[in-house]
**Student:** 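Just dropping this structure here.
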Amino acid sequence: MSSLQFWKPGTVGPGSTLDRATEAEGSVISSAPIGAAVSIQAARERLPIFKHKEKLLYCVENYGVTILVGQTGCGKTTQLPQYLHEAGWAADGNVIACTQPRRVAATSVAARVATETLLDPLLSRYSVVMIDEAHERSVYTDLMLGVLKKIRRKRPSLRVIVSSATLDAAGFLDYFSSGNPPGEATIVSLEGRMYPVHIAHLEQPTPDYVAKAIDVVWNINLQRSSGLAELLPTLPRGATRLKLHALHSGLPMDEQLAAFEPAERGFRKVIVSTNIAEASVTIEGIKYVVDSGFVKIRTYNPTTSLSSLSTIPVSRASAIQRAGRAGRTSYGACYRLYPASTFESLPPTTQPEITRTDLTTPILQLKSLGIDDLMKFEWVSSPPAEAVLRALESLVASGMVGEDGRLTVIGEKVAECPVEVNIARMLFASKDYQCGEEILTIAAMTTVQDVFVIPDGAAGALAELERRKFTAEEGDHLTLLNAYNAFTRYGRSSSWCKAHALSFRALSRAVSIRAQLKKYMQRFGLPIENCQGDAKRLRQCIVSGYWRNGAKWMADGTYRSVRGNVVLHVHPNSVLFTRKPRSGWVIFHEMEETKKTQIRILTEIEPDWLLEYGHKFHDKRTGVGVSVR
DNA sequence: GAGCACTGC
């Protein structure tokens, strides 16, 4: 938690996909030659934060909570912990902690804090805890803030630093001030290392922001319009040529990194990106930003237990952050594909994740921190009451929480596992079905995404044929198992994966996650046995974790959920996309609402397997158990 | 007939 690591921007950091903005701040240090102590010191003193050093240390000394407002690049992540260290906050065995929304595995931090807290509920080893990038409002940022506010009531010597963007600072000040004596919290502003960004809006809204974006990009380069890739050959002689890059997390690493390379002479880079480029990564040298005004976001409906992925207008904070990407190395310009009046009507900030997510795991974590009375917990933003109830209900149904509202013995163990509750259940049940070896693989494979690579066009048909080689009659879980086993037996190389239409990155991740989960199983004394090819036992074991995700096949090819009788469509990547399961029943890993409600990763089951679990756990909300008709 | 982001040492 407290380690400080630096690595060069654009290179791969340990355990991460790409380096992010805050590490870029450290590049000033990491790129200095070893032993160049003088230039390191000079570089540190050039950072905008340096001028504020004394003021910052004064605030940390005199206020419980210091809210630090500063642009990415001002040096707060890398410098402040060092200032605190130099000022003696780490003396006498004290620890300065710094958490980040992505860099540190949130669940394992929670697990670690839980382990320490059970022995030391007031985190007395820690003198200062800094929550970085708090304005992103990830679930675990919000939980940590709540826990820290609670701890400060009992141990005022603990100092909290919340680093935030400008727009959110007042909200954090109110949160920590509320219910506390005056002088609890203060705001410190650091001037950023930003260049001016000229902002232009459309006069009228556009019906097609993709076409409009192409228009604007082409016009930035020269005065023309319509399709971008197709237009490239028509570029006049002498004009700056364009190099197109796509950027999103699903791309292979080398393609992601290509977007970070400086453009060749005579070329201009155009990066078409998801909001990965909004805050997660920083690409130096961006001069123009074209902002569609939209974001694709996941929301959760606790009433239906449905996650949905929808495209919605961005917040003003996001639009400002996007524009800022143009002003990191020189002055820039941002073209918003919407009128100025639309900008004014946007919501100020994005809804915090905790208000639109499944709370099952977060609430399990809170309980493992000893926070059992959720009514008293001071949320930074309260999640819907319905979401809290559904999460409690599902924790009770899966045996993690007893009727008294406290964690059960297995619940305490599962809270330490960095996987969702259903998977943890399945891992524990593998002891009864003697299939730990295979269940570990299935657990790892269902947590990675895009294992099969099916490209568009003619290559796609070939890839489909390759995938058929791994197809298991029983469904997707066993198909994933086959692919993993083939990978570890014959492949483990990217060329082998390419030849078999598999993602090397996804499978490599599965290998490391599996190793990880295996350690948890060994720690909990669970045997790792081979099922000896008995697919039935394996499928029953899957049902033990996922019995609430049963569905029945209908004559029109859709399914109906056992819970709620919802119409479900099979995801086209499933091996059961075009096939009826013999029994007419399946269990699925997840469902998601896009244009319609889809289920992913299906396996054929016998309906009475559902009853086996359904009769044990009664649905408290509807008053009926799982019924299989 | 489909692909926001993030994470697991």
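In what follows, chains are A, B, ... by sequence order, proteins preceding strands, each numbered from 1. These numbers come from a predicted model, not from an experiment.
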**Student:** Please report the distance, rounded to the nearest Å, between CD1 in A:Ile423 and P in B:dT7.
**Tutor:**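 Whole-Å distance recorded here is 17 Å.
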**Student:** Kindly write out the residues that satisfy salt bridge (Lys or Arg N to Asp or Glu O under 4.0 Å) with A:Arg560, not counting sequence neighbours, or none if the list is empty.
**Tutor:**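 If we apply the salt bridge (Lys or Arg N to Asp or Glu O under 4.0 Å) test to A:Arg560, skipping adjacent residues, there are no hits.
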**Student:** Over all strands shown, is A:Asp450 touching base, sugar-phosphate only, or nothing at heavy-atom distances under 4.0 angstrom?
**Tutor:**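 Nothing, no heavy atom under 4.0 Å.
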**Student:** Given B:dA5, is OP1 or OP2 found less than 4.0 Å from the side-chain N or O atoms of A:Thr274?
**Tutor:**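 Yes, such a contact exists.
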**Student:** Any base atoms under 4.0 Å from A:Glu420, or only sugar-phosphate, or nothing? Heavy atoms, all strands.
**Tutor:**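 Nothing, no heavy atom under 4.0 Å.
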**Student:** Check whether A:Phe343 forms a cation-pi arrangement with A:Arg336 (NZ or CZ under 6.0 Å from the six-membered ring centre, at most 45° off the ring normal).
**Tutor:**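 A:Arg336 over A:Phe343 ring: yes.
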**Student:** Rounded to whole Å, how long is the line connecting atom CD of A:Gln365 with atom P of B:dG8?
**Tutor:**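 Result: 14 Å.
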**Student:** Could you walk me through whether A:Leu145 and A:Phe172 pass the side chain to side chain contact (heavy atoms under 4.5 Å, CB included) test, one step at a time?
**Tutor:** CA-CA 9 Å; A:Leu145 292 172; A:Phe172 291 125; 3.6 Å; yes
**Student:** Counting only side-chain heavy atoms from C-beta out, which of B:dT7, B:dA5, B:dG1 sits nearest to A:Phe577?
**Tutor:**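 The closest nucleotide is B:dG1.
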**Student:** Tell me whether the OP1 or OP2 atom of B:dG1 has a side-chain N or O from A:Gln598 closer than 4.0 Å.
**Tutor:**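 False: A:Gln598 side-chain N/O out of range (4.0 Å or more) of B:dG1 OP1/OP2.
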**Student:** Measure CD/A:Glu593 against P/B:dA2 and give the value in whole Å, please.
**Tutor:**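 A:Glu593 atom CD is separated from B:dA2 atom P by 14 Å.
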**Student:** Please pick, from B:dG3, B:dC6, B:dG8, the nucleotide with the shortest atom-to-atom distance to any side-chain atom of A:Ile276.
**Tutor:**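 Nearest listed nucleotide: B:dC6.
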**Student:** Which nucleotide in the set B:dC9, B:dA2, B:dC6 lies at the smallest distance from any side-chain heavy atom of A:Gln516?
**Tutor:**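 Minimum distance to the A:Gln516 side chain belongs to B:dC9.
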**Student:** Going by side-chain hydrogen bond (donor to acceptor under 3.5 Å, both in side chains), name the residues that satisfy it together with A:Thr274, two or more places apart in sequence or in a different chain.
**Tutor:**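 So A:Thr274 forms no side-chain hydrogen bond (donor to acceptor under 3.5 Å, both in side chains) with any residue.
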**Student:** Can you tell me the distance, in whole Å, between the CZ atom of A:Arg467 and the C1' atom of B:dG1?
**Tutor:**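 Taking CZ of A:Arg467 and C1' of B:dG1, I get 11 Å after rounding.
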**Student:** In whole angstroms, how far is the P atom of B:dG1 from the CZ atom of A:Arg600?
**Tutor:**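 It is 18 Å, rounded to the nearest whole Å.
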**Student:** OP1 or OP2 of B:dG8 sitting under 4.0 Å from any side-chain N/O of A:Thr447?
**Tutor:**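 So the side-chain polar atoms of A:Thr447 never come under 4.0 Å of the phosphate oxygens OP1 or OP2 of B:dG8.
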**Student:** Separation of A:Leu440 atom CG from B:dC9 atom P, in whole Å?
**Tutor:**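 It works out to 14 Å between those atoms.
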**Student:** With respect to the side chain of A:Pro418, which nucleotide from B:dC9, B:dA5, B:dT7 is positioned closest?
**Tutor:**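 The listed nucleotide nearest to A:Pro418's side chain is B:dC9.
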**Student:** Starting at atom CG of A:Leu143, determine the distance to atom C1' of B:dT7, rounded to an integer number of angstrom.
**Tutor:**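 Whole-Å distance recorded here is 14 Å.
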**Student:** Between CG of A:Asn301 and CZ of A:Arg356, what distance do you get to the nearest 0.5 Å?
**Tutor:**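 Result: 14.0 Å between the selected atoms.
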**Student:** Would you kindly give the CZ-to-C1' distance between A:Arg298 and B:dA2, to the nearest whole Å?
**Tutor:**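 Rounded to the whole Å, the gap is 14 Å.
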**Student:** Please pick, from B:dC6, B:dG3, B:dG1, the nucleotide with the shortest atom-to-atom distance to any side-chain atom of A:Asn573.
**Tutor:**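 My answer, after comparing the listed nucleotides, is B:dG1.
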**Student:** Is the distance from OP1 or OP2 of B:dC9 to the nearest side-chain N or O of A:Tyr520 less than 4.0 Å?
**Tutor:**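 Answer yes for this pair, as a side-chain N or O of A:Tyr520 is under 4.0 Å from OP1 or OP2.
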**Student:** For A:His248 and A:Lys519, take the nucleotide of DNA chain B holding the closest heavy atom to each; which residue's nucleotide lies nearer the 5' end?
**Tutor:**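 Per heavy-atom nearest nucleotide, the more 5' residue is A:His248.
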